[in-house]
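What you are looking at is a predicted structure, and each value in this text was computed from that prediction instead of being measured.
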There are 2 protein chains.
Amino acid sequence: MKEKNLLAELAAYLFSNSDKESGRTPSERELAEHFGVSRGQIREALAILEAMRIVERRAKSGIYIDTKQASVEALALFARAGLPLDPVQIYETVELRKIHEIKAAELACSRATEENFERLREILKASEERIAAGEGLAKEDREFHLEIVRATKNGVFHNICSVYYLMGEQRLPIYFNDPERSVRSHAEHIQIYEALLRRDGNLAQALMSAHLQGAESYWKGIIEGRWVEPKSATLEKA
Amino acid sequence: MKEKNLLAELAAYLFSNSDKESGRTPSERELAEHFGVSRGQIREALAILEAMRIVERRAKSGIYIDTKQASVEALALFARAGLPLDPVQIYETVELRKIHEIKAAELACSRATEENFERLREILKASEERIAAGEGLAKEDREFHLEIVRATKNGVFHNICSVYYLMGEQRLPIYFNDPERSVRSHAEHIQIYEALLRRDGNLAQALMSAHLQGAESYWKGIIEGRWVEPKSATLEKA
DNA sequence: AGACCCAATTGGTCGAACCAGTTTCGATAA
DNA sequence: TTATCGAAACTGGTTCGACCAATTGGGTCT
C-alpha cells in the first residue's frame, strides 16, 4: 500500500505527535525519516500546511501547531483528505448553509439562466435514477444545491460554497443512508426547482428553508449526544 | 530590496508568462533561474499554488495555469499578498457580505455575550478617536463587523468571513477616504450596537441591511464604469 | 504526406552540505 | 543546593548536483 496522500497523513501525524504545551512538533528530519521520504518532500507539505495556517515554521527553532484553532482552509483540506471532522463544526456548516442557500434561492430566482435550469434538470434526472436503483443521493444533492448557488451568478459566492461543502462530503452518505430521506429530499428538490422556474422568490426561499431544516435538526441531534461513528473508529469524542 | 514575497511574485509572473492557449508556464528550472533562487524554493511555492488550485503540475510535462478561474483560497492569498483584485470580485464579496451579515446581526441578537458587547464598545471607542483625529476607519469597520459574526458563536461562520474580508482589505481605505463616509458609518454602527444590546433581531437586521446598502451601491458604481485606481499603477483593465 | 523513432525536456525525488540562530543541558560559580 | 553561563547539538532555510521515467517535439525514413 503506497502512501497516496502525504499531506493528510502528515497533518494527522502532526496533530497527534505534538507537544501539548508548546505545540512543537517533530523536526523536518525526523518527519522525513518517519514517512520514509526526503526532507524536500516534507518541506513541500509543510509549506502547504503553513499556507493553510495549520502550522507555523519558526526559523532555527521548530515547527509549531495550534491544535485549538483550525482555519477554514484547514477544514476544507481535512475534508479532502478524509480526516474526521468535529461534529460541532459540521453542525456549524449546516447552519451556514441555511444562511447561504435561502438567500441563494431568492437571488437565483431573478438571475438563473436557461443553462442553470438545464443543469438542474440533469441533476434531478440523475437523482431519480439513483433512487430507482435504491441508492442514496449524496453526490446529486450536493450538485443540486451548488447549482443554485451558481445560478446567483456570484462567482465568489460559488467558490466559497464549493470549499466548505467539501467539509460535509464524508458525512453526507450517512445522512442519505436512510432511503426514505433520499426520496423526501428529491421531492423537495423538485418543488424548489419549480419555484425557481416560476421565478417565485418568496416560495423558493420558504421551500429551501424547510428543506434544510431537516438536515439541521438531524445534525443537531447528533451533536447533542447520539453520535454515530461511520466507518473509521478513530474519532475522538471531542 | 530583497524579494519578500516569492509566492506573490511567482503567482503574478505565472499569470503573465503563460501560454495563452494551453496555459503552460515556464519550467521549474527556468523559474528558479529567473527569480534567482533554488529549484526547491520554486517547488515549495508551486506546491502552495497547486494546493490553492491556482496551478496544476503535470508530471514529466509541465506546469499549467488556468487564468480563467480563481478559487476562494486564491483570492484570499492575493489579498494577503497585495495583488490587485478584479473589481467585479470585490462587488461580489460585498453582496456576499450582505447575505452573511444581515443574518449574523439577527443571530447575534440571541447569542451575543457580554464579552462580545465589551469588544464592540472598545471598537466603537477606537472608531470615535480615529474620527476625532480626522482619519478614516477602515480597520475598525472590519473589526466591528467581524465581531458581530463572532457573536453568532458559529466558528466556521467566523472563519469564512475572516478569509474573504481580507479580500477587500486593500480597497477599504479608499472607501473611507471620504471623511463624511466614516462619520456616517460610525453613527450607523452605534445604532446597530444598540439594537444588538436590546436583542431586537428585526431592528438589527434592518439597520445592517441599510448600512451595507451604501457600500454595495458604491462598488456597483465603480464596476459600472468609473473605476479609480488607488496606488499601484500596474492594474490590468481586465 | 504520414508514420515512426529518438533525443531533449520536464516534473518527481533524493541526499549531502553549509549557514546562522535556537535549545538544551551539563559544568561551573555563588 | 541553586543559579548562571557557555558550548555543543539541533533546527529550519537554502543551495547544488544527480538520477529517473514519461512526455514532447522535431527530424527522419517510408
Side-chain angles (χ1 to χ4, degrees), chain A residues 1-11 13-67 74 77 80-81, chain B residues 1-11 13-67 74 77 80-81:
Chain A
M1 180 191 70
K2 260 308 176 60
E3 15 222 346
K4 276 291 182 68
N5 202 335
L6 175 64
L7 194 55
E9 290 187 31
L10 179 60
Y13 186 77
L14 292 178
F15 261 104
S16 16
N17 295 69
S18 58
D19 182 68
K20 205 170 46 171
E21 273 307 306
S22 63
R24 199 167 192 262
T25 76
S27 72
E28 294 183 349
R29 290 167 176 86
E30 286 178 85
L31 293 170
E33 191 181 8
H34 175 80
F35 286 100
V37 297
S38 73
R39 221 182 123 203
Q41 288 276 70
I42 295 293
R43 292 204 104 251
E44 222 170 285
L46 284 174
I48 295 173
L49 257 19
E50 185 176 49
M52 294 181 168
R53 304 249 201 284
I54 296 176
V55 302
E56 181 191 349
R57 294 187 286 182
R58 295 183 204 154
K60 287 76 186 273
S61 168
I63 304 153
Y64 299 81
I65 187 168
D66 187 354
T67 47
L77 167 72
R80 274 183 224 134
Chain B
M1 179 191 72
K2 259 311 176 61
E3 19 223 345
K4 275 293 181 68
N5 203 335
L6 176 64
L7 193 56
E9 290 187 30
L10 179 61
Y13 186 77
L14 292 178
F15 262 104
S16 15
N17 295 69
S18 57
D19 183 68
K20 205 171 46 174
E21 272 306 306
S22 61
R24 198 168 193 263
T25 76
S27 72
E28 292 183 351
R29 290 169 177 86
E30 286 178 84
L31 294 171
E33 191 180 8
H34 175 79
F35 286 100
V37 297
S38 72
R39 220 182 125 202
Q41 288 278 69
I42 295 292
R43 292 204 102 252
E44 220 170 284
L46 284 174
I48 295 174
L49 256 20
E50 185 176 49
M52 293 183 167
R53 306 255 200 280
I54 296 176
V55 303
E56 181 191 349
R57 294 187 287 182
R58 294 183 204 154
K60 287 74 188 275
S61 169
I63 303 153
Y64 299 81
I65 188 169
D66 187 352
T67 46
L77 167 73
R80 274 182 224 136

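Judged as a side chain to side chain contact (heavy atoms under 4.5 Å, CB included), and not counting sequence neighbours, S16(A) has no contacts. Taking Y13(B) as the reference, H34(B), F35(B) meet the ring-ring contact (aromatic ring centres under 6.0 Å, His included) condition, with sequence neighbours excluded. By the salt bridge (charged side-chain N to carboxylate O under 4.0 Å, His left out) test, R24(A) pairs with no residue at all, sequence neighbours left out.
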Any protein N or O atoms within reach of nucleotides 9-13 of chain D? Criterion: under 3.5 Å, listing atom names and distances.
| from | atom 1 | to | atom 2 | distance (Å) |
| --- | --- | --- | --- | --- |
| dG12(D) | OP2 | E28(A) | N | 3.0 |
| dG12(D) | O4' | K60(A) | N | 3.2 |
| dG12(D) | N7 | R29(A) | NH1 | 2.9 |
| dG12(D) | N7 | R39(A) | NH2 | 3.4 |
| dG12(D) | O6 | R29(A) | NH2 | 3.1 |
| dG13(D) | OP2 | R43(A) | NH2 | 2.1 |
| dG13(D) | O5' | R43(A) | NH2 | 3.3 |
| dG13(D) | N7 | R39(A) | NH2 | 2.8 |
| dG13(D) | O6 | R39(A) | NH1 | 3.2 |

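Expressed to the nearest 0.5 Å, how far CD of E50(A) lies from CZ of R43(A) amounts to 9.0 Å. Between the CD1 atom in I54(A) and the CG atom in L46(A) there is a gap of 10.5 Å [rounded to 0.5 Å].
When DNA chain C is scanned in the 5' to 3' direction for atoms under 4.0 Å from non-hydrogen atoms of chain B, the outermost contacting nucleotides are dT10(C) to dT13(C).
No donor-acceptor distance shorter than 3.5 angstrom exists from the side chain of T25(A) to the backbone of L14(A), with no hydrogens or angles considered.
Residue pairs that meet the salt bridge (Lys or Arg N to Asp or Glu O under 4.0 Å) test with at least one member in residues 29-40 of chain B, sequence neighbours left out, are E28(B)-R39(B).
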